[in-house]
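Taking it in order: structure first as structure tokens, then the write-up.
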Amino acid sequence: MARFGRTRRRFLELVGSGAVVGVAGCLGGGGEQETETTTTAEETDDDHDEERPEGVSAEEFEHGPVPEAYRTALSQANEQRDPENLFTKEAVKFQEADDAVEAGLTEAGRDCGNCAEYIPDKNGDGFGACAKVEGYVDPADWCSLWESIEEAEGETGGDETASVA
Ligand code: SF4
């Protein structure tokens with residue numbers, strides 16, 4: 001089932017280091033991309049790219065719906081999320097912020113966590129949502145709509161012009 005991401009971390013934390021490598025390979029049979037050879041729980045904490053909240057399918061993670069608390073919530077720059085008017089992740093080059101920096105798409109220090117459109121985690125699963133993009137959002141991700149909170153708050157009412165870089 002789709003309880004893999006966080007469950008896997010918990011598993012690794014329980015088992016500890018070393019002996020996990022072989023077992024982690026076995027766990028990859030459910031369609032997940034389990035190709036890493038992480039051996040410690042600490043390292044796993046950095047490996048957020050393949051994780052999802054418990055019970056959330058890959059489809060839900062990508063396209064939603066997000067939990068009710070986020071559906072029409074306000075972003076951290078007070079933009080209201082409209083679930084009927086969102087970009088797909090693909091359309092906005094959504095990816096890990098580190099990867100985006102590496103690819104030359106953005107500069108270091110820009111991620112969802114400090115973006116005007118981000119709706120911070122409301123249920124303790126480590127993921128939030130976005131006022132512009134569908135699905136679940138990790139604060140360490142990034143997309144081409146990134147906008148600083150300061151910039152957005154300076155635009156009194158002109159927040160509908162975020163462009164796809
Ligand atoms: S960087 Fe993109 S996905 Fe992330 S919060 Fe901002 S607009 Fe949303």
Side-chain angles (χ1 to χ4, degrees), residues 2-10 31-36 38 42-165:
R3 304 166 59 90
F4 206 75
R6 298 285 164 175
T7 305
R8 179 167 61 88
R9 174 181 295 179
R10 192 171 307 140
E32 301 297 323
Q33 299 168 3
E34 292 299 312
T35 54
E36 63 180 307
T38 302
E42 198 170 278
E43 284 170 332
T44 307
D45 283 339
D46 293 332
D47 166 39
H48 59 270
D49 56 332
E50 296 169 358
E51 293 183 358
R52 303 192 297 270
E54 243 179 84
V56 174
S57 71
E59 171 69 16
E60 282 177 293
F61 191 80
E62 280 301 300
H63 300 292
V66 294
E68 190 58 34
Y70 300 95
R71 281 191 78 246
T72 57
L74 294 178
S75 76
Q76 48 193 0
N78 291 317
E79 177 157 352
Q80 184 157 29
R81 188 174 188 273
D82 175 1
E84 305 303 321
N85 188 22
L86 299 170
F87 289 93
T88 63
K89 288 181 174 176
E90 192 179 9
V92 295
K93 302 183 179 126
F94 184 91
Q95 58 193 280
E96 275 191 76
D98 287 347
D99 290 345
V101 171
E102 211 169 291
L105 294 171
T106 189
E107 56 192 68
R110 294 183 172 188
D111 57 31
C112 294
N114 60 29
C115 173
E117 314 296 347
Y118 186 63
I119 301 167
D121 180 17
K122 293 178 181 293
N123 56 10
D125 66 6
F127 293 87
C130 175
K132 294 279 192 191
V133 177
E134 61 187 19
Y136 289 68
V137 174
D138 186 318
D141 288 326
W142 170 91
C143 90
S144 58
L145 300 177
W146 185 91
E147 183 178 23
S148 77
I149 297 169
E150 296 73 26
E151 205 179 311
E153 287 178 343
E155 293 173 2
T156 49
D159 58 0
E160 296 302 318
T161 55
S163 60
V164 178

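Counting starts at 1 for both ligands and their atoms, following the listed order. Scope of the values below: all heavy atoms of this structure, side chains included, with no hydrogens, waters or symmetry mates. Numbers here are sequence positions counted from 1.
- Using the six-membered ring where Trp is involved, Phe127 and Phe61 have ring planes that are perpendicular, over 60° apart on the 30 and 60° scheme.
- If you take CD on Gln80 and CZ on Arg71, they are separated by 11.0 Å, rounding to the nearest 0.5 Å.
- For atom 8 (Fe) of ligand 1, the count of nearby protein N/O/S atoms, taking only those under 2.8 Å, is 1.
- Counting only N and O atoms by type, the side chains of Trp146 and Asn114 include a donor and acceptor under 3.5 Å apart.
- Between atom CD of residue Glu134 and atom NZ of residue Lys89 there is a gap of 8.0 Å, rounded to the nearest 0.5 Å.
- Salt bridge Lys132/Glu79: present, at least one basic N to carboxylate O contact under 4.0 Å.
- Judged by distance alone, the side chain of Glu62 and the main-chain N or O of Thr88 form no donor-acceptor pair under 3.5 Å.
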